[in-house]
*Asks:* 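Below is the structure I would like to discuss, written out as structure tokens.
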Amino acid sequence: MTGDHSHNDSQINSGSKYGDSHKHKDKYKEREHKHKDHKKDKEREKSKYSNSEHKDSSDKKHREKEKHKDGSSDKQKDKYKEKRKEERAFDGALIRGRENGFASPPHIKSEPENEELYHSPKHKKSLKREHDDDDEFKPKKIKTENDKGEKKVKKRRQEEEDIKPKKKTKDKKGEVRADGKKKAKKEPEEKWKWWEEERYTDGVKWKFLEHKGPVFAPPYEPLPSNVKFYYDGRPMKLSLEAEEVATFFAKMLDHEYTTKDVFRKNFFKDWRKEMTSEEKAKITDLNKCDFSEMNEYFKAQSEARKAMTKQEKQKIKEENERLLLEYGYCVMDNHRERIANFRIEPPGLFRGRGDHPKMGMLKRRIRPEDIIVNCSKDSEHPKPPPGTKWKEVRHDNKVTWLVSWTENIQGAIKYIMLNPSSRIKGEKDWQKYETARRLKKCVDSLRAQYREDWKSKEMRIRQRAVALYFIDKLALRAGNEKEEGETADTVGCCSLRVEHLNLYPEKDGQEYVVEFDFLGKDSIRYYNKVPVEKRVFKNLQLFMENKQPEDDLFDRLNTTILNKHLQELMDGLTAKVFRTYNASITLQQQLKELTSAEENVSAKILSYNRANRAVAILCNHQRAPPKTFEKSMQNLQTKIDAKKEQLADAKRELKSAKADAKVRRDEKSKKAVETKKKAVQRIEEQLMKLEVQATDREENKQIALGTSKLNYLDPRISVAWCKKWGIPVEKIYNKTQREKFAWAIDMADEDFEF
DNA sequence: CTATTAACTTAGTATGGGAGCT
DNA sequence: AGCTCCCATACTAAGTTAATAG
């Protein structure tokens, strides 16, 4: 791959990368107080180093110069022109005429009619956006304009229908339900190919949106009177409110969380807030609280649930399906789309990841009064439960969410949004990969540029350039600043501190080795030793000079600055695009390298998984080794041994059959030989499959493939690979994944190049 | 500017149901 | 028929980024 650089190998092979992240966390416990004055430190750092930076006013000039320099070579100019062209082409292709109204849906059901409405066979072809190669040869612009013209007619037609949306919507409801059943048969040929349509411009996300609102958590069910809470050894009846919160804790009793000081402290504080004044007066020490009876009750409950009869379970299942059918879908622009999370998060105790200062706090119950509903004006608005009101109903079609509320732990807003299979998510996803592909086209010049910048006389530019190098080479995340004491102490690239790296002029026979050791997103440990270029090394030494361990490595850089810079280099470029780009390009290149034509399907899939794994390692996607890992490995080994034995038997039988045939020379015995031969073959195949499976599983012990597959790897690479080698796409993507990547499965052919 | 907020993507883990085995 | 194990899914926390407020 031209775009690739060979940095991956060292990582893929670095066995040392995965320490036990949990054990490791202790090391970071001290951190909190240690770097309390962090902000101040940063200021201090700034003035300390300001000498190395001649007047900030020169920055602007410098930037201009860079631009000129960039464009000065003809080759580069061409490159940029090309890039521009691409962008336009893609954008053009993606524009959905904004007047191409998607107002209220006449018939959600009958996809055939919709199909006609949105892409009559006539211009279907021209609307179809294919990959860039094609784009270069087609006059997109003109095409788009034509389409607009055509669409206008349609739009008008739709608007007429808009006039009586209410009625229409009602009609359709009956249908929706009826449809749910019919679906199974019809669906295949009815699947809506949103990727063959044009996109909205100007940040409009939809024209019509109708949904039923969220499903609230079930109300609290008080404990039966025989299940008691004990304080200081004596039974104590709690008020409903206090009892509910107590049950949250009781349910977690076997969890390690409840042994942590912070968790207990936070829980107790919030619990006390729910107590009556009498309770508050009495219950003053969590250690005197005995929740064990409650805990047992819940365990018994879950046992009982498991022991339910088939019918009972069936009933629950049906109820869930009913709920899904009623609340799990919305209508957005003529299409019924699946909602991702239509249930409101139930109350409970906050479980932060890592050393979270807020772990154990009470996560409040969300009521209708907390909910903001978003839908179109002309839709049938969701109704709040009887006797309640929504906080607000708004009609903002510049956003994609249907419902939002503010969560009480961090004060963050939570949303209900659509499923990944929806048009609105799919388009975004596709666009993400297109941006990464544009990066591929300019990454070489960009790399050349940051290498130049390592020599800059401005500290801020050097820091930026080194940070960018890390982001590119190591696929680090951007690393926003976080508010101290509000979250676990984790970092990304821009927020790295001096204590997170060690410099070794020479280590293990390599020069200029940097050792990274920090907690990243979700408090997952990143540990890596990488040889870097001398210039980078020298720069790091410079950045770390005269600093305390808890000082920022890049004291003149943050994610805003970095992203602003990136935006100037390429439209749509941000730090995370590098992750997407490097992940996808690595997959593509690894697939090329690892797949061998002679191998059978399961060996090819192992190769695929290995390629996938290389990406997961690059992106540091880890998982806790499954609790049952050792056992399941053993089981597999047992199976393998059994299979081997079986194979030996089969071979023996074959041999004797052969001998037999030789003597008897009749049809029957010949046939027997054939049968035995086939049996041997079959068993060999099975054995191979098992062995491959074992290898795969072993290699996957603490690596999670899912995240990269879902979020970083351009699905068209995988689809193309499947097509090229005749692998059924089902072997690579399960049902959900196929739904999410339907666009890629439909449009990528075997020559797709990322 | 800097800080905050809003919106959206990315993340690992818990759990529950179903496939495959005994 | 019951059991085990494994995967898919649900869940929701924790990031990134751009927009907005101060």
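Per chain, numbering begins at 1; letters A, B, ... match sequence-line order.
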*Asks:* Mind calculating the distance between CZ (A:Arg460) and C1' (B:dC1) to the nearest angstrom?
*Replies:* 14 Å
*Asks:* Is it the case that the side chain of A:Ser422 and the backbone of A:Leu418 share a donor-acceptor pair, with hydrogens and angles ignored and the cut-off at 3.5 Å?
*Replies:* no
*Asks:* Using atom CZ of A:Phe629 as one end and atom C1' of C:dC7 as the other, report the distance to the nearest whole Å.
*Replies:* 15 Å
*Asks:* Using a 4.0 Å heavy-atom cut-off to protein, can you give one letter per nucleotide of nucleotides 4-11 of chain B, 5' to 3': B if the base is in contact, S if only the sugar-phosphate is, - if neither?
*Replies:* --SBBSBS
*Asks:* Does the separation of the ring centres of A:Phe350 and A:His356 fall below 6.0 angstrom?
*Replies:*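 Yes - the distance between ring centres of A:Phe350 and A:His356 falls below the 6.0 Å cut-off.
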*Asks:* Does OP1 or OP2 of C:dT16 have a side-chain N or O of A:Thr574 closer than 4.0 Å?
*Replies:* no
*Asks:* Which sits closer to the 5' end of DNA chain C, A:Thr559 or A:Lys735, going by the nucleotide each is nearest to?
*Replies:*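 First, find each residue's nearest nucleotide; the 5'-ward one identifies A:Lys735.
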*Asks:* Can you tell which of C:dA8, B:dT13, C:dT12 lies closest to the side chain of A:Asn734?
*Replies:*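 Nucleotide nearest to A:Asn734's side chain: C:dA8.
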*Asks:* Do A:Gln622 and A:Asn620 have a side chain donor and acceptor closer than 3.5 Å?
*Replies:* yes
*Asks:* Please identify which of these residues, A:Glu407, A:Glu345, A:Glu244, meets the salt bridge (Lys or Arg N to Asp or Glu O under 4.0 Å) condition with A:Lys363.
*Replies:*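 Exactly one pass, corresponding to A:Glu345.
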*Asks:* Assign a letter to each nucleotide of nucleotides 14-22 of chain B from its 5' end: B, base within under 4.0 Å of a protein heavy atom; S, sugar-phosphate only; -, no contact.
*Replies:* S---S----
*Asks:* Taking CD1 from A:Ile344 and C1' from C:dA10, how many angstroms apart are they, rounded to a whole number?
*Replies:* 15 Å
*Asks:* Nearest whole Å is fine: how far is B:dT13 P from A:Asp254 CG?
*Replies:* 19 Å
*Asks:* Is it the case that over 12 heavy atoms from other parts of the model lie below 6.0 angstrom from the NZ atom of A:Lys313?
*Replies:* yes
*Asks:* Please determine whether a side-chain nitrogen or oxygen atom of A:Gln567 lies at a distance below 4.0 Å from atom OP1 or OP2 of C:dT17.
*Replies:*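 Result: no.
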*Asks:* For A:Met633, does the CE atom sit with more than 12 other heavy atoms under 6.0 Å from it, leaving out its own atoms?
*Replies:* yes
*Asks:* Are A:Gln410 and C:dA13 close enough that a side-chain N or O sits under 4.0 Å from OP1 or OP2?
*Replies:* no
*Asks:* Output the rounded distance in Å from NZ (A:Lys363) to C1' (C:dT12).
*Replies:*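 Rounded to the whole Å, the gap is 6 Å.
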*Asks:* Go through the steps for A:Thr574 and A:Asn563 under the test side chain to side chain donor-acceptor pair (under 3.5 Å), then give the verdict.
*Replies:* CA-CA 5 Å; A:Thr574 64; A:Asn563 280 332; 4.7 Å; no
*Asks:* What contact category does A:Ala575 fall into here, base, sugar-phosphate, or nothing, at under 4.0 angstrom with non-hydrogen atoms?
*Replies:* sugar-phosphate
*Asks:* If we only count heavy atoms from C-beta on, is the A:Leu705 to A:Arg623 side-chain gap below 4.5 Å?
*Replies:* no
*Asks:* Tell me what A:Thr490 touches on the nucleic acid: a base, only sugar-phosphate, or nothing, going by heavy atoms under 4.0 Å.
*Replies:*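 Contact class for A:Thr490: sugar-phosphate only.
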*Asks:* Give a yes or no on whether A:Lys432 atom NZ has more than 12 heavy-atom contacts from other residues, nucleotides or ligands under 6.0 Å away.
*Replies:* yes
*Asks:* Would you indicate what A:Gly706 reaches in the nucleic acid, counting non-hydrogen atoms under 4.0 angstrom: base, sugar-phosphate, or nothing?
*Replies:* nothing
*Asks:* Within this structure, what is the CE-to-P distance between A:Met361 and C:dA13, rounded to whole angstrom?
*Replies:* 12 Å
*Asks:* Once you apply a heavy-atom cut-off of 4.0 Å, does A:Pro346 come out as touching a base, just sugar-phosphate, or nothing?
*Replies:*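 Answer is sugar-phosphate: A:Pro346 comes under 4.0 Å of backbone atoms only.
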*Asks:* Need one value for A:Gly479: base, sugar-phosphate or nothing, where a base atom within 4.0 Å counts as base even if backbone is also close, heavy atoms only.
*Replies:*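 Sugar-phosphate, no base atom in range.
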*Asks:* Please give, in whole Å, the distance from C:dT17 C1' to A:Glu568 CD?
*Replies:* 16 Å
*Asks:* Take a 6.0 Å sphere around CD of A:Glu392 and say whether it holds more than 12 heavy atoms from other residues, nucleotides or ligands.
*Replies:* yes
*Asks:* Just how far, in rounded Å, is P of C:dT16 from CZ of A:Phe578?
*Replies:*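 After rounding, the gap between these two atoms is 15 Å.
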*Asks:* I want to check one thing: is the phosphate of C:dT16, taken as OP1 and OP2, less than 4.0 Å away from some side-chain N or O of A:Asn480?
*Replies:*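 Result: yes.
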